[in-house]
Asker: 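Let me begin by handing over the structure; questions about it come next.
Quick caveat, the model's predicted, so the values are computed rather than measured. Just the heavy atoms: all of them, side chains too, but no hydrogens, waters or symmetry mates, feed the values below.
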Amino acid sequence: MSEKPRFLIVSADVLPSVFLKVIEAKRLLSTAKAKNSSDACRMVEISRSAYYKYKDCVHVYEEKGGSQLSTLYMRLSDEPGVLSKVLQTLYEMDANILTVNQNIPVDTVAVVTISVQFNRDGLEPDEILKTLSSIYGVVSVKRI
């Protein structure tokens with residue numbers, strides 16, 4: 001039986017520079033600023049063996065103190081612009097839209113689920129639902 005992995009949160013200031021370089025190489029790859037791992041390693045000046053040794057073990061911790069994750073279940077009228085207006089409103093509420101799934105409309109209503117991360121402090125779930133419900137074409141909205 002394998003031992004459950006243990007995780008620590010450690011200040012980057014006390015870590016050996018190789019860990020920070022691995023994180024930077026991973027970022028270069030994910031943003032397509034490096035074509036491949038060899039290119040990324042060359043750019044951050046580490047060996048490929050060091051990169052491969054640590055790449056699956058070193059991750060950035062991003063503190064999201066005031067953020068809320070929510071999945072919204074919505075029923076929208078099958079009319080042009082309704083989903084677009086919902087997404088625009090979420091943007092205006094400082095939401096990071098993670099996923100959008102829309103089913104084919106049945107009886108002129110489409111079911112849509114949207115996973116969002118709200119970054120604005122003091123934004124209450126009831127306020128979010130009330131704002132989205134007031135949009136023309138939104139038949140119903142609830143958090144799941």
Asker: Within a radius of less than 6.0 Å around CD1 of I104, do more than 12 heavy atoms belonging to other residues, nucleotides or ligands occur?
Answerer: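 No, not enclosed.
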Asker: If I compare all heavy atoms of A110 with all of Q102, which pair ends up nearest, and what's the gap?
Answerer: CB-NE2, 3.6 Å
Asker: Are L15 and V18 grouped together when hydrophobic residues (ILVMFWY) are joined by side-chain heavy atoms under 4.5 angstrom apart?
Answerer: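 L15 and V18: one cluster.
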Asker: Evaluate the side-chain proximity of L90 to L132: yes if any heavy-atom separation is below 4.5 Å, no if none is.
Answerer: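 Result yes, sub-4.5 Å side-chain heavy-atom pair found.
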Asker: Supply the atom-to-atom distance I46 CD1 to F19 CZ, rounded to the nearest 0.5 angstrom.
Answerer: 11.0 Å
Asker: How long is the gap from CD on E79 to CG on L76, to the nearest 0.5 Å?
Answerer: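 So the CD of E79 and the CG of L76 are separated by 10.0 Å.
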Asker: What closest approach, in Å, do S37 and L29 show between heavy atoms, and which atom pair accounts for it?
Answerer: N-CD2, 3.7 Å
Asker: Is the shortest heavy-atom distance from the side chain of F118 to the side chain of N96 under 4.5 Å?
Answerer: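 No. Closest side-chain heavy atoms not under 4.5 Å.
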Asker: Taking D13's backbone N and O only, do any of them form a donor-acceptor pair with S11's side chain (distance below 3.5 Å, no angle check)?
Answerer: yes
Asker: Is there a path of hydrophobic side-chain contacts, each under 4.5 Å between heavy atoms of I, L, V, M, F, W or Y residues, that connects I135 with V109?
Answerer: no
Asker: Enter the distance from Y51:OH to S38:OG here, rounded to the nearest 0.5 Å.
Answerer: 10.0 Å
Asker: As an exercise, state the distance from CD1 of I144 to OG1 of T71, rounded to the nearest 0.5 Å.
Answerer: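 Between atom CD1 of I144 and atom OG1 of T71 there are 5.5 Å.
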Asker: Same cluster or not: M93 versus L83, using hydrophobic residues (I, L, V, M, F, W, Y) connected whenever any side-chain heavy atoms lie under 4.5 Å apart?
Answerer: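 Result: yes, single cluster for both.
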Asker: Between K26 (side chain) and V58 (backbone), is there a donor-acceptor pair under 3.5 Å?
Answerer: yes
Asker: Just by distance, do the side chain of K85 and the backbone of Y136 share a donor-acceptor pair under 3.5 Å?
Answerer: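 The answer is no, because no donor-acceptor pair under 3.5 Å joins these two groups.
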Asker: Please name the pair of heavy atoms, one in K21 and one in V44, separated by the smallest distance, quoted to 0.1 Å.
Answerer: CD-O, 3.3 Å
Asker: Measure across L28 and A40 and return the closest heavy-atom pair with its distance rounded to 0.1 Å.
Answerer: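 What the structure gives for the nearest pair is CD1-O, 4.3 Å.
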Asker: Let me confirm one number: the CZ-NZ distance from R42 to K35, rounded to the nearest 0.5 Å.
Answerer: 8.0 Å
Asker: About how many Å separate CD1 of I128 and OG of S133, when rounded to the nearest 0.5 Å?
Answerer: 11.5 Å
Asker: So L98 and L69, do their side chains get closer than 4.5 Å, heavy atoms only?
Answerer: yes
Asker: Using every non-hydrogen atom in the two residues, find where A50 and V22 come nearest and quote the distance to one decimal.
Answerer: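 Looking at all heavy atoms of both residues, the closest pair is O-CG2, 4.1 Å.
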Asker: Quick check: closest heavy atoms across E3 and R6, and the distance to 0.1 Å?
Answerer: OE2-CD, 4.4 Å
Asker: Evaluate the criterion side chain to side chain contact (heavy atoms under 4.5 Å, CB included) for residue pair L72 and R143; output intermediate values, then yes/no.
Answerer: CA-CA 5 Å; L72 304 172; R143 284 179 66 196; 3.8 Å; yes
Asker: Apply side chain to side chain contact (heavy atoms under 4.5 Å, CB included) to residues N103 and V112 and explain how you reach the verdict.
Answerer: CA-CA 6 Å; N103 293 347; V112 177; over 6 Å; no
Asker: When clusters are formed by joining ILVMFWY residues with side-chain heavy atoms under 4.5 Å apart, either directly or through shared neighbours, do V82 and V111 land in the same one?
Answerer: no
Asker: Do you reckon M74 sits in the same ILVMFWY cluster as I97, going by side-chain contacts under 4.5 Å, direct or chained?
Answerer: yes
